[in-house]
Amino acid sequence: MSGPRAIVLFAHGSRDPAWRAPIEAVAERMRQIQAGARVVCAYLELTEPDLPSTVNQLFAEGVRAITIWPMFLGTGRHAREDLPRLVEELRAQHPAVEFVLQPAIGEHPDVLETMARSALG
């Protein structure tokens with residue numbers, strides 16, 4: 001499949017509006033690193049926008065390839081069960097879109113290295 005691409009940073013969500021700041025900061029930094037990158041955030045619950053709304057908006061904008069990065073430290077129930085089920089539903093609704101679901105960001109070797117070095121000071 002070809003066409004415009006997007007990256008969705010997918011996080012849990014919280015009632016606390018300040019909670020989303022770090023996720024939004026990562027998205028902004030990605031846009032700074034790669035000018036023109038289409039990077040958006042979506043949330044499982046308690047915070048808007050949710051993933052289906054985000055995908056619907058991207059699809060309406062002509063995006064036909066979406067990479068989803070779960071912004072979780074590990075692969076818990078949300079990353080292992082809820083998110084894959086949600087992505088399968090989105091695939092059924094948008095067969096013209098290529099979805100790539102990445103593993104939990106906290107399990108990526110570069111992230112583990114950065115966290116370890118940061119914690120050591």
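All values reported here derive from a predicted model rather than from experimental measurement.
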Colleague: In terms of side-chain geometry, is the basic nitrogen of R85 or E88 positioned less than 4.0 Å from the acidic oxygen of its partner?
Modeller: no
Colleague: Please report the interatomic distance CD1(I105) to CZ(F72), rounded to the nearest 0.5 Å.
Modeller: 11.5 Å
Colleague: Please report the interatomic distance NE2(H94) to CG(L58), rounded to the nearest 0.5 Å.
Modeller: 9.5 Å
Colleague: Nearest 0.5 Å, please: how far is CE in M115 from CG in L112?
Modeller: 5.0 Å
Colleague: Using the side chain to side chain contact (heavy atoms under 4.5 Å, CB included) rule, take V40 and L9 through it: C-alpha gap first, then chi angles, then the decisive distance, then the call.
Modeller: CA-CA 6 Å; V40 297; L9 303 182; over 6 Å; no
Colleague: If you draw a 6.0 Å radius around CG in L73, do more than 12 non-hydrogen atoms from other residues or ligands fall strictly inside?
Modeller: no
Colleague: Charged N to carboxylate O below 4.0 Å: is that the case for E81 and R77?
Modeller: no
Colleague: For the residue pair N56 and S53, confirm or rule out a side-chain donor-acceptor distance under 3.5 Å.
Modeller: no
Colleague: Could you verify whether a donor N or O on one side chain and an acceptor N or O on the other, from Q102 and T67, lie under 3.5 Å apart?
Modeller: no
Colleague: I'd like to know if the side chain of T47 reaches the main chain of S14, judged simply by a donor and an acceptor atom lying under 3.5 Å from each other, with no hydrogens or angles considered.
Modeller: yes
Colleague: Just how far is it from atom CG of L44 to atom CZ of F10, taken to the nearest 0.5 Å?
Modeller: 4.5 Å
Colleague: I'd like to check F59 versus R64 (side-chain heavy atoms, cut-off strictly below 4.5 Å). Are they in contact?
Modeller: yes
Colleague: How many angstroms lie between atom NE2 of H12 and atom CG of D82, to the nearest 0.5 angstrom?
Modeller: 8.5 Å
Colleague: To check you understand the geometry: which heavy-atom pair defines the closest contact between A104 and G74, and what is its length?
Modeller: CB-O, 3.5 Å
Colleague: So which pairs with a foot in residues 36-48 pass salt bridge (Lys or Arg N to Asp or Glu O under 4.0 Å), sequence neighbours left out?
Modeller: R38-E61
Colleague: What heavy-atom pair brings W19 and G13 nearest, and what distance separates the two atoms?
Modeller: CH2-N, 3.1 Å
Colleague: Quick one: closest heavy-atom pair of V111 and G106, and the distance?
Modeller: CG1-CA, 4.0 Å
Colleague: Under the criterion side-chain contact (heavy atoms from CB on, under 4.5 Å), which of V100, I7, V55, L101 is the partner of I66?
Modeller: V55
Colleague: With heavy-atom distances below 4.5 Å as the criterion, would you say the side chains of Y43 and I23 are in contact?
Modeller: yes
Colleague: I need the full list of salt bridge (Lys or Arg N to Asp or Glu O under 4.0 Å) pairs touching residues 111-121, with sequence neighbours left out, sorted by first then second residue.
Modeller: E113-R117
Colleague: To the nearest 0.5 Å, tell me how far T75 OG1 sits from R80 CZ.
Modeller: 8.0 Å
Colleague: Flag the pair V63 / R5 as yes when at least one side-chain heavy-atom distance between them is below 4.5 Å, and no otherwise.
Modeller: no
Colleague: If you look at every heavy atom in C41 and E24, which pair is closest and at what distance?
Modeller: CB-OE2, 3.7 Å
Colleague: On a heavy-atom basis, which atom in V97 and which in A65 lie closest, and how many Å separate them?
Modeller: CG1-N, 4.3 Å
Colleague: Could you tell me whether the side chain of I68 reaches within less than 4.5 Å of the side chain of V87, counting heavy atoms only?
Modeller: yes
